[in-house]
Amino acid sequence: MADARLEVTDTLGRRVVLVEKPVFAIGRRTESDLRVVSSDVSRDHAEIVRHGDGYLVRDRSSRYGTFVNGDGVTERALAHGDRIRLGRSGGAELVFLVEEAGSSVSNTSRGPVSAVETLRQMAALLEGLRALGSGHVLDEVLALVLDAAIEVTGAERAFIMLADTDGALHFTLARARGQVTLPGKTFDTSHKIPERVFATGETRIVSDLLDGHLANAHMGTVALGIRHVLCAPLRLVRYLHEPGAAPEQKRIGVLYLDSREKGTLLSPTTRTGVDTLATEAAVAIENARLYRETLEKGRLEQELRIAAEIQQGLLPDARYVGKGVEVVGASVPCRSIGGDFFEYLELPSGDFGFALGDVAGKGPPAALLTAALQGLFTAHASSEGGPAATLARVNRALIRRAVQNRFATMAYGVLSQGGRLTYSNAGHNPPMLFTRGGVRRLEQGGLVLGLFPHAQYEEETLQLDSGDVLVVFSDGVSEAIDVHGEEFGDDRIVSCISANRHLDPAALLDCLLATVRQFSEGTVQRDDVTAMIVRV
Amino acid sequence: MQIEERTAGSVTILDLKGKLTLGDGDTLLKDKVHSLLHQGRKHFLLNLGDVPYIDSAGIGEVVSTFATVSRQGGTLKLLNLTKRIHDLLVITKLVTVFETFSAESDAVRSFSSAAV
């Protein structure tokens, strides 16, 4: 019969201990032969006693009881494979093993020969990772490093702390024997050793870390009864191309190992091995970190693409045909998402409303405000009053919600079925009305939206004739520049529309946008380009 | 963008030099005026003669600086608008908000005719 063993699972993870005494004490207190860490375990909880040829377990008046294969017991003879639970379910569990170890149970201590062998494998593995450009994501690499470190040293737990850009260390991942990831909270250990190792760059081995009265001062570690610590810096070494230049070193964090048993943790071979491992690991971690950053950047681009689709979805259908009116609009953002919008409304009065707006700024911040403005406008346009009253309400609503210094311009027109147009212009480029009599700019209105709570808005009413064309546009049209830095300007809009007035609105809009595009060919688009053609 | 500071009596003249655009000096102006307000200065004249380009964020900054000064009981006026800035103020109707001048002496005098 082989030696009796207990496979222990508690907050530390999974480990195997030998039952090496005739009376083997189990409990939370330090003098126990097996210290088990769980809130359900009493200080002196139970004992395993050799009895004749076999073993039995005896409860020591524990608070939450001792269970064998689910039954509460005071004393019970043990058979191979019996499961002993200390306390309520979810507490610590021990599996009693007395027959030859199967492959599922790992040995706790490893000789230095085997450790060196593992290191070589590890080095080869990491070399492979490096060659692959670290296809593994960061957590996988960290877990790999920690498991290898535990394997090599026989430590119970291992963790990695990585430094942020300010040089502060952050707990990143902890693993216990048996390739178990520990939750962050369980690693409530002293930061002093890691910080000192990180600052000095020197590996430290600390034995009997806490004994006597010091124990109470270090709640975190003592609660776990840790006595042996090996902590090594994770060093990134860059070899420069200039001949003779010393390699650049950068510390990115620390590798920390601890154990209640000495194991091989304190041997010089282990220490050298861990230093080598830490250097290799630093390269793998850094590569993984870079890889993750690339991935995140890709995700951001993906999110922007989705945002752009959503934004285009917020715009109405490009073309609207109502009684006595046809409208077509388009918006081309200069970045993936923009700050312009246009909107058509069938008002409760039966009139047709159309608006085009431009939020100051570009990109995501402007796009968010644009979505808000579009919503506010749609909500307020349906209530009583004409365009001026609507803009005044939108202005006040925007001020209540808007960010400082952000403002918007907007032109809003309402067309009744008799061809009467009432409009108000809140600081927007004046829309152009092309009639048989010539071109007229629609300038009546008031201040830009979102800056002045008491801004007043005026409106003007015009009678349109059949065939009149109204062009509403954002400054991205009039201020498009060519390669010489010259602006497209209002005059080019006038000549483009005048020359093509016979086209239907959709073709006229295409023509205008194509002219702008040709004009600014070879330059980077600086602003969102949005335009709308209204024909009665 | 750079800001140079001069005084003419109780008036602080700020000579702005360079583009006033998103991310390019757009907070510099506010910070400058904030610190001057803390020093007890109340009357500001922004000389925009050497600002070749201003975008909507730049306009927003001038307006918010104007609002800050007004709230503290001060005044802010504009001097030497380029055609571009003038056109932009006309389009946005902000020209009705600002007092603008093309001669520095007139501008400085205007502060003293109002109660200083």
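Basis for what follows: all heavy atoms, side chains included, without hydrogens, waters or symmetry-related copies. Just so we're on the same page: letters track the sequence lines, and every chain starts at 1.
Enclosure of atom NE2 in B:H86 is not indicated, since only 12 or fewer non-hydrogen atoms of other residues, nucleotides or ligands lie within 6.0 angstrom. Within 6.0 Å of atom CG in B:D106, more than 12 heavy atoms from other residues, nucleotides or ligands are found, so the atom counts as buried in its surroundings. The number of heavy-atom neighbours closer than 6.0 Å to CZ of B:R6, taken from other residues, nucleotides and ligands shown, is above 12.
Of the inter-residue distances, the one linking A:S478 atom OG with B:I91 atom CD1 reads 6.5 Å to the nearest 0.5 angstrom. Once rounded to the nearest 0.5 Å, the distance linking CG of A:L447 with OG1 of B:T96 reads 4.5 Å. The CZ atom of B:R84 sits 4.5 Å away from the CD atom of A:E479 when rounded to the nearest 0.5 Å.
For B:V62, no part lies near chain A; criterion is any non-hydrogen pair under 4.5 Å. Using a 4.5 Å cut-off between heavy atoms, A:D475 does not touch chain B at all.
Inter-residue side-chain proximity for A:L451 and B:F66 is flagged as unmet; no heavy-atom pair is nearer than 4.5 Å. Between B:V63 and A:F407, the closest side-chain pair of non-hydrogen atoms is not below 4.5 Å. At a threshold of 4.5 Å between non-hydrogen side-chain atoms, the residues B:T92 and A:H428 do not count as touching.
Side-chain N or O atoms of B:K93 include none that pairs as donor or acceptor with a backbone N or O of A:Q444 at under 3.5 Å.
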